[in-house]
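Chain letters run A, B, ... following the sequence lines, proteins first and then strands; every chain starts at 1. All values below come from the heavy atoms of this structure, side chains included, with hydrogens, waters and symmetry mates left out.
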Protein chains: 2
Amino acid sequence: MGFSTSLPSSECVDYWYERSQLDVSRPGSLSHRESSVKLSTQIGPESETTPDHKYLQIADDLRRRISGGELRPGGRIPSRAELTRRHGVASAIVSRAVSILVTEGLVECRQGSGAYVLPPKTRLQLSRAWYREVRGGSPFAGDMEAQGKAPAWRTHSRMVHATADVARRLAIAEGDPVMRTVYVYTADEAPVQRAVSYEPYALTQGTPIALPEDGPHAGRGVRDRMAVIGVTVTHRSEAVSARGATIEEARDLRISLGVIVTVLRRTYFADDLPVETADILAPGDAAEFVYVLPMDQAGP
Amino acid sequence: MGFSTSLPSSECVDYWYERSQLDVSRPGSLSHRESSVKLSTQIGPESETTPDHKYLQIADDLRRRISGGELRPGGRIPSRAELTRRHGVASAIVSRAVSILVTEGLVECRQGSGAYVLPPKTRLQLSRAWYREVRGGSPFAGDMEAQGKAPAWRTHSRMVHATADVARRLAIAEGDPVMRTVYVYTADEAPVQRAVSYEPYALTQGTPIALPEDGPHAGRGVRDRMAVIGVTVTHRSEAVSARGATIEEARDLRISLGVIVTVLRRTYFADDLPVETADILAPGDAAEFVYVLPMDQAGP
DNA sequence: TCGAATTTGTGCGTATGTATC
DNA sequence: GGATACATACGCACAAATTCG
């Protein structure tokens, strides 16, 4: 199977495997071959069996013409009327096909103008590197300046009662007082990140760091601020998922209601005691959270 | 401002702060101002003058009846026929309204049976901890067993030419041969994670690890497999964002087209040389990627 | 076992509104 | 203003899957 640069399709070979913990004792692949036939109908990258659904075919056709370079970023794809003629289908069908590309982020429709191929997006990098806490200054400002953007942020603190979710994450009782701080971060005036932070008021009450963005330790990050009151943050947990934006989030980030956002639920711990938790989110198509992790550490 | 447990609203105080680093004079910030104005007119969250769209109204009505408890998880929402009668609209309109709830993950449609309200999900934890690579065995299997789920996965490898994106991530030339492997992970038979991995064929050609899921080193993870051919993986980069599922992804994960997925783009490095890259994704409402990071490491 | 009723999925052709050029 | 293009909507038809008597 030797080839250097060329890759004729006749030399393409597919390899199928299936594993479960049930047969972990045997490293062999005897049973895998049997199921491969069944699999090939399920997950082939280009198995394409079937569904003669016209709107899917049209969407596939458009997607190929985009990735193939025939339809270029910034250019317009054929109009509904032309696609209707070309494929000989009803207008509702081509409309549905185009809407698929829209949800996939490949195309943007402008009413009265046309449907345009979007340029491949360069997402803003929001660093979550394991060493970001060690350095001084604001990680966000550093990220933005490294990418040629002007960083800014505004905050808003208020004392509230802990909801059930916040209480669970901070290991306190529901209704306990917590300091809630909303951060909205902007790059070149455009909002790119929003965070809502919660700190148990019982922990910071009467200390100089009770208000996260006030006093001499404002903006120093949780690790440094907690150190001021003798609390040593040992580790943090970050759980990343995604959903549609709520009304408040959409307003702060200047996006539409329901637009896809990446959600990061972060909790700081001091020896298994949670000392701060936050919901950090950014538009899914405009920013990404970047982790850089070493491989040579010993586990706990 | 002393209170212990009670928090009357009369004692609530708001604290507002704003910070920026605009002092750093940068060329080009002026043009960004202009575009930001345009932005705010485009995507105002509630500036819209109530387009009274019927399909949105119907979707809102259904959403309210679900969150209000009138329509309970596991139960069926009214059929298309009933909704058309009730709202006096065409069938295509109620169909579209329901499809909105489907992409929001609130409802699941079963052809011939009905549209059912989905139960609120507890997200599966997919560990990305910094130490996961150190241990033997499969991290996914460990995660699932810790959560009482039966893990399994299937894979499919094929040689392909590198796309522009893959080429950039692997620091090779576009069109160079790469080994492409699709992984579909299941927990209790339900797909929860999908990964598409790319390895430069120039790196593994003729070695025992050319096929990731074949031979004595199958399923051992990139770090261990690369060690076999004398390549020491030093660190990895993971960038997390979110978008709507494509057709292939939706099919493999058994979700609907356009449902929100969390996307993790991972690259393994051996001293700044990329040796593997992958797109890992999971349904945004069914799983979350969890990082646990220590605070006491020294930065690079 | 079978078949009819129900329900969702897909598709057609047309009409109207609205934004852009 | 007129032509073009997208957005929404109507009403109907048929196919596929399910349900249930």
Handout entry: Nearest heavy atoms of S157(B) and T181(B), plus distance in Å
Key = OG-OG1, 2.9 Å
Exercise for the section: Would you check if there is a donor-acceptor pair between the side chains of T246(B) and E249(B) at a distance under 3.5 Å? Expected result: yes
Exercise for the section: Using atom types as modelled and distance alone, determine if a side-chain donor or acceptor of T277(B) lies under 3.5 Å from a backbone N or O of R266(B). Expected result: yes
Would you kindly give the [atom1]-to-[atom2] distance between [X] and [N], to the nearest whole Å?
X       : N       : atom1 : atom2 : result
L101(B) : dT8(C)  : CG    : P     : 13 Å
R96(A)  : dT8(D)  : CZ    : P     : 15 Å
H53(B)  : dC10(D) : NE2   : C1'   : 16 Å
K54(A)  : dG9(C)  : NZ    : C1'   : 14 Å
I93(B)  : dG17(C) : CD1   : C1'   : 14 Å

Starting at [atom1] of [X], measure out to [atom2] of [Y] and round the result to the nearest 0.5 Å.
X       : Y       : atom1 : atom2 : answer
E104(B) : L118(B) : CD    : CG    : 12.0 Å
C109(A) : I77(A)  : SG    : CD1   : 6.5 Å
L126(A) : M144(A) : CG    : CE    : 5.0 Å

Exercise for the section: Compare side-chain N and O positions of Y55(A) against OP1 and OP2 of dG11(C) and report whether any pair is under 4.0 Å apart. Expected result: no
Exercise for the section: Residues of residues 66-86 of chain B with any non-hydrogen atom less than 4.0 angstrom from an atom of DNA chain C: list those, numerically ordered, please. Expected result: R76(B), S79(B), R80(B)
Handout entry: DNA chain C contacts made by residues 103-121 of chain B, counting heavy atoms under 4.0 Å
Key = C109(B), R110(B), Q111(B), G112(B), S113(B), G114(B), A115(B)
Practice task
Look at the rings of W153(A) and Y185(A) and say which category their plane angle falls in: under 30° parallel, 30 to 60° tilted, over 60° perpendicular.
Solution key: tilted
Handout entry: Basic-acidic side-chain contact under 4.0 Å: D61(A), R65(A)
Key = yes
Practice task
Describe the nucleic acid contact of V89(A) in one word from base, sugar-phosphate, nothing, applying a heavy-atom distance below 4.0 Å.
Solution key: sugar-phosphate
